[in-house]
There are 2 protein chains.
Amino acid sequence: MDSSQLLKGVLDLAVLAVLDGRDSYGYDVVRRLREAGLDDVGDASVYGTLRRLFKAGALTSYVVASDEGPHRKYYGLNDVGRSLLSDSARTWTSFAATMDGLLKEVGAG
Amino acid sequence: MDSSQLLKGVLDLAVLAVLDGRDSYGYDVVRRLREAGLDDVGDASVYGTLRRLFKAGALTSYVVASDEGPHRKYYGLNDVGRSLLSDSARTWTSFAATMDGLLKEVGAG
DNA sequence: TGCAGCTATTGCGCATTGCACAGTACTGTG
DNA sequence: CACAGTACTGTGCAATGCGCAATAGCTGCA
């Protein structure tokens, strides 16, 4: 099954959720999302999402040097990002409930 | 909130679910999805989805005359559609669980 | 020195898909 | 006839996830 379309509009939320509580950088966000179960999320998608959220004013950003490789561009939630996160989470929860309702009747009709 | 992006990749599933157990036509599918809670699903999206699913071989189709207006193009699930429905439902359920897992930690860090 | 491999980011172009909008057409009511 | 409700089609756009290539720093090995 190709679940890539399911990510549409939800990747923002997933990234915001991962960033909540602790700043992180692209490569690490990808890793954490995959560990969380989003197995085949593409790296370019995550980097794109981070840039988009930053451009939208939801994230702060700063560069940190690393001993283990090139510099890392850290991102963190600001007030806009936190409020976006809680709004999106609410929207997702209600949407998921609606879908579950639709699916509940499957095979019962 | 704009939930239109959330529909991406899920509208197929929603349409298949509505069609499960009883054949229906575009205009009616729109009505049933809206009643189910997908308030602002666009009619063109549903018609497009029906055509796409039909073209993919998941639906049967036949035209029925109506007393209350123009003809209705009915769609129904065939074997391919039913198996697509159960596969998609499984994929959705597991995806939703993953997202819930990600969101559970929000605000707890 | 040179090469491989992991880490880390950017940019380009494509495919999918939901939607707005316009157009067509049938039925019934005033 | 005008208008509203029903019902479908087609066009073109916008959003966004992804593959792929390029760039670049670091470690370890020969």
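Any value given below was found using the heavy atoms of this structure, including those in side chains, with hydrogens, waters and symmetry copies removed. Every chain is numbered from 1, with letters handed out A, B, ... down the list of sequences.
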Phosphate-side-chain proximity, [X] and [N], N/O vs OP1/OP2 below 4.0 Å:
X	N	value
B/S45	C/dT17	no
B/R31	D/dA7	yes
B/Y25	D/dA7	yes
B/Y47	D/dT9	no

Inset, instruction - For A/R51 and for A/K8, locate the closest nucleotide of DNA chain C by heavy-atom distance; then report the residue assigned to the nucleotide nearer the 5' terminus. - result: A/R51
Legend entry - Nearest-nucleotide comparison on DNA chain D, the residue closer to the 5′ end among B/E68 and A/G42: B/E68
Inset, instruction - Tell me which of A/D43 and A/L7 sits closer to the 5' end of DNA chain D, going by the nucleotide each one is nearest to. - result: A/L7
Please report, rounded to the nearest Å, how far the [atom2] atom of [N] is from the [atom1] atom of [X].
X	N	atom1	atom2	answer
B/K55	D/dG10	NZ	P	11 Å
A/L59	C/dT9	CG	P	13 Å
A/L50	C/dT10	CG	C1'	13 Å
A/Y27	D/dT23	OH	P	19 Å
A/R52	C/dG11	CZ	P	15 Å
A/L13	D/dT16	CG	P	13 Å
A/L6	D/dC18	CG	C1'	15 Å
B/Q5	C/dT16	CD	P	16 Å

Legend entry - Under 3.5 Å: donor-acceptor pair, side chain of A/R32, backbone of A/V18: yes
Legend entry - Salt bridge flag under 4.0 Å for residues A/D12 and A/R52: yes
Legend entry - Basic-acidic side-chain contact under 4.0 Å: A/D28, A/R72: no
Donor-acceptor pairs under 3.5 angstrom involving side-chain atoms of residues 76-84 of chain A: please list them, not counting sequence neighbours.
unit_1, atom_1, unit_2, atom_2, d
A/N78, OD1, A/V80, N, 3.0
A/N78, OD1, A/G81, N, 2.8
A/N78, ND2, A/G57, O, 3.0
A/D79, OD1, A/R82, NH2, 3.0
A/R82, NH1, A/L77, O, 3.3

Can you list, pair by pair, the side-chain donor-acceptor contacts under 3.5 Å of residues 62-69 of chain B, counting residues two or more places apart and other chains?
unit_1, atom_1, unit_2, atom_2, d
B/Y62, OH, B/D23, OD2, 2.5
B/S66, OG, B/E68, N, 3.0

Inset, instruction - Enumerate the residues from residues 70-78 of chain A whose closest heavy atom to DNA chain C is under 4.0 Å, giving them by residue number; use none for an empty result. - result: A/P70, A/H71, A/R72, A/K73
